[in-house]
Number of protein chains: 2
Amino acid sequence: MSEVAATGISVLLVDDHPIVRQGYRRVLESQGDLHVVAEADNAADAYGAFKTHDPDVVVMDISMPGASGLEAIRNIRARNPRARILVFTMHNEAVLVKAAFSAGASGFVTKSSAPSAVVNAIRSVARGERAMSDDIAHVLAEDSLSTGSALDQLGEREIEILRQFAGGATTEEIATHLNLSVKTVQNYHYLIKTKTGTRTDAQLVRLAAACGLTKI
Amino acid sequence: MSEVAATGISVLLVDDHPIVRQGYRRVLESQGDLHVVAEADNAADAYGAFKTHDPDVVVMDISMPGASGLEAIRNIRARNPRARILVFTMHNEAVLVKAAFSAGASGFVTKSSAPSAVVNAIRSVARGERAMSDDIAHVLAEDSLSTGSALDQLGEREIEILRQFAGGATTEEIATHLNLSVKTVQNYHYLIKTKTGTRTDAQLVRLAAACGLTKI
DNA sequence: GCGCGGCTCGGGCAAATTTCCCAAGCCGGA
DNA sequence: TCCGGCTTGGGAAATTTGCCCGAGCCGCGC
């Protein structure tokens, strides 16, 4: 997998939409140096295909049904820490980006990017570099100026409150469950949002779901 | 636009992701009889491109930022009632399908469909037939048998606002996107919650996700 | 031992949002 | 034509949020 220059770059495509995969395949293979050696439409198959084909780069949409794409990244990296994974998705939330990188992704490119940016990102991660699209860099820059870190920064209590909140409980219900004052739960709610850099309850729910804290 | 057999089928591609469009273009043009004559990444441009190129079929993802894709369908059909519009999206919620058809779409195909099903759907709508992918037919069938899902009671505007909200947008952002007052969006928010019987924003997000209105 | 920093718990208070009720315009169907 | 539903918003009370603060507890290093 290291002789990139001589053999071109082998790519594993992971996306849950068949025609999207086929479209990417054609775009990538028209480049000459990029070769799609396998496709997968879910996290489990992605892991299997990675074991079989050992591609230079995995291009993966992390918003797939079933298991979390982040989990797939973790699995692949656990098997081969040298694996290069380029996340390619329509989401551009800072928490997701950070979660992807900390899960072991080498790059993060949004589908809003120009096709040339995507293929360049693939080449970059194949060379072992980190890559991200301009909009993602912007999101992360904004985020680093305003907020702290993602879900790992949360304490036990905060995790528990976030779980119940994302599960649909009201502030009062959480307070009752945990024998806290409503005020305390409200403060935790606020603290969790600032810590995770989410501005909306909906984003918080999505984050919790993306991190496997709650299932939808 | 009627001499389809002699000249092939001209297609206008509407999707907000550049590389997705480029992928579709390659898939469609490899078919021989399909020719992509224009692309657009938003509703307004789609309408302009339709006026300019008068394509046989418009292949459109209705989940675009800004104006509703349903609105774009209506605009195009208002200009030319013989326009053939094939909705091509990842959403498979019955309310969305029904809304698209009542807005004037000729077909509805999900991105989960096999590429062959997509190109066949394009040929079908070009012949003036109605087309939908198997999963959409299944969803509609289920829907017609059920007592009504939670989202069935929602109007088009409510669906759009719910989608954006569940996607993480704030009330003000939604108001800006849709050119409404914040107050109106707030009222919709409240109305949606009462109609769906949810008491929490988190429950609303989960409902939207469960119905395929948004993905996590 | 002692301070430092972290988590946990909550008060306070202005600002913002939500909740609920209401009205008006528009449009399609009976 | 009238009724009902959708869409758009105003108004006012109720609630929550945003951000500040202090207190108790516990581990950790000096």
Side-chain angles (χ1 to χ4, degrees), chain A residues 143 145-166 168-205 207, chain B residues 66-71 73-75 77-78 81 95-96 98-104 148 150-166 168-205 207:
Chain A
D143 180 78
L145 293 181
S146 54
T147 65
S149 256
L151 200 90
D152 343 322
Q153 320 294 84
L154 300 183
E156 217 175 280
R157 214 85 244 244
E158 293 160 338
I159 291 281
E160 179 58 29
I161 287 174
L162 173 55
R163 186 205 317 284
Q164 295 199 22
F165 171 76
T170 67
T171 306
E172 293 115 334
E173 286 167 353
I174 297 175
T176 303
H177 294 158
L178 300 180
N179 235 274
L180 298 174
S181 86
V182 171
K183 184 61 193 174
T184 298
V185 178
Q186 287 176 342
N187 278 334
Y188 271 116
H189 188 2
Y190 165 72
L191 198 63
I192 292 167
K193 282 210 273 191
T194 62
K195 275 191 179 182
T196 57
T198 51
R199 286 155 29 259
T200 288
D201 285 352
Q203 291 178 1
L204 209 49
V205 176
L207 172 66
Chain B
S68 161
L70 296 177
E71 204 50 53
I73 296 178
R74 236 175 255 110
N75 287 340
R77 294 278 295 188
V95 276
L96 253 190
K98 290 197 270 193
F101 276 119
S102 77
L151 294 188
D152 270 349
Q153 350 165 34
L154 299 184
E156 192 181 297
R157 212 88 251 234
E158 292 159 339
I159 290 282
E160 178 60 28
I161 288 174
L162 173 55
R163 185 212 315 288
Q164 295 198 23
F165 170 76
T170 68
T171 306
E172 291 144 88
E173 286 168 352
I174 298 174
T176 302
H177 293 158
L178 300 180
N179 233 272
L180 297 174
S181 83
V182 171
K183 183 65 195 173
T184 298
V185 178
Q186 287 176 342
N187 279 334
Y188 270 114
H189 188 0
Y190 167 71
L191 197 63
I192 291 167
K193 282 211 269 191
T194 62
K195 276 191 177 182
T196 56
T198 52
R199 288 154 28 257
T200 289
D201 286 352
Q203 292 177 1
L204 208 50
V205 176
L207 173 65

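So you know, we letter chains A, B, ... as the sequences are listed, proteins then strands, and number each from 1.
Atom CD1 in Ile192(A) sits about 11 Å away from atom P in dT17(D), given to the nearest Å. The nearest whole Å value for the distance from the CD1 atom in Ile159(B) to the P atom in dG5(D) is 18 Å. Separating the CG atom of Leu180(B) from the P atom of dG10(D) is a distance of 12 Å, rounded to the nearest angstrom. The interatomic distance linking Ile161(B) (CD1) with dG9(D) (P) rounds to 10 Å, in whole Å. Spacing between atom CG of Leu191(A) and atom C1' of dC9(C) amounts to 12 Å, rounded to whole angstrom units. Here the C1' atom of nucleotide dT19(C) and the NE2 atom of His189(B) are 11 Å apart, to the nearest Å. Between the CZ atom of Arg157(A) and the C1' atom of dG6(C) there is a distance of 16 Å, rounded to whole Å. We find that CG of Leu204(A) is positioned 17 Å from P of dT16(D), with the value rounded to whole Å.
Between Thr196(B) and Gln203(B), every side-chain heavy-atom pair lies at or beyond the 4.5 Å cut-off. No side-chain heavy atom of Leu178(A) sits less than 4.5 Å from a side-chain heavy atom of Val185(A). Looking at heavy atoms from C-beta onward, Phe165(A) lies in side-chain contact with Val205(A) at the 4.5 angstrom threshold. At a threshold of 4.5 Å between non-hydrogen side-chain atoms, the residues Lys183(B) and Asn187(B) count as touching.
Using a 4.0 Å cutoff on non-hydrogen atoms, the parts of residues 168-179 of chain A near DNA chain D are Glu172(A), ordered by number.
Taking only side-chain nitrogens and oxygens, Ser181(A) never comes nearer than 4.0 Å to OP1 or OP2 of dC9(C). Phosphate contact (OP1/OP2 of dT18(C), side-chain N/O of Gln186(B), threshold under 4.0 Å): present.
Formation of a donor-acceptor pair under 3.5 Å by the His177(B) side chain with backbone atoms of Glu173(B) is found in this model. With hydrogens and angles disregarded, a donor-acceptor distance shorter than 3.5 Å links the side chain of Ser181(B) to the backbone of Thr184(B).
Considering only the side chain of Asp201(A), dT17(D) comes nearest among dC6(D), dT17(D), dG9(D). Checking dT8(D), dT8(C), dC6(D) against every side-chain atom of Thr184(B), the shortest atom distance belongs to dT8(D).
Taking both residues in full, the closest heavy atoms of Ala169(A) and Ile174(A) are given as CB-CG1, 3.7 Å, listed atom of the first, atom of the second, then distance. Residues Asp201(B) and Lys193(B) come closest through the heavy atom pair OD1-NZ, 3.2 Å.
Salt bridge status for Glu160(B) with Arg157(B): absent, with no side-chain N to carboxylate O gap under 4.0 Å.
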Protein-nucleotides 20-24 of chain C N/O pairs closer than 3.5 Å?
| from | atom 1 | to | atom 2 | distance (Å) |
| --- | --- | --- | --- | --- |
| dC20(C) | OP2 | Tyr190(B) | OH | 3.4 |
| dC20(C) | O5' | Tyr190(B) | OH | 3.3 |
| dC20(C) | N4 | Asn187(B) | OD1 | 2.9 |

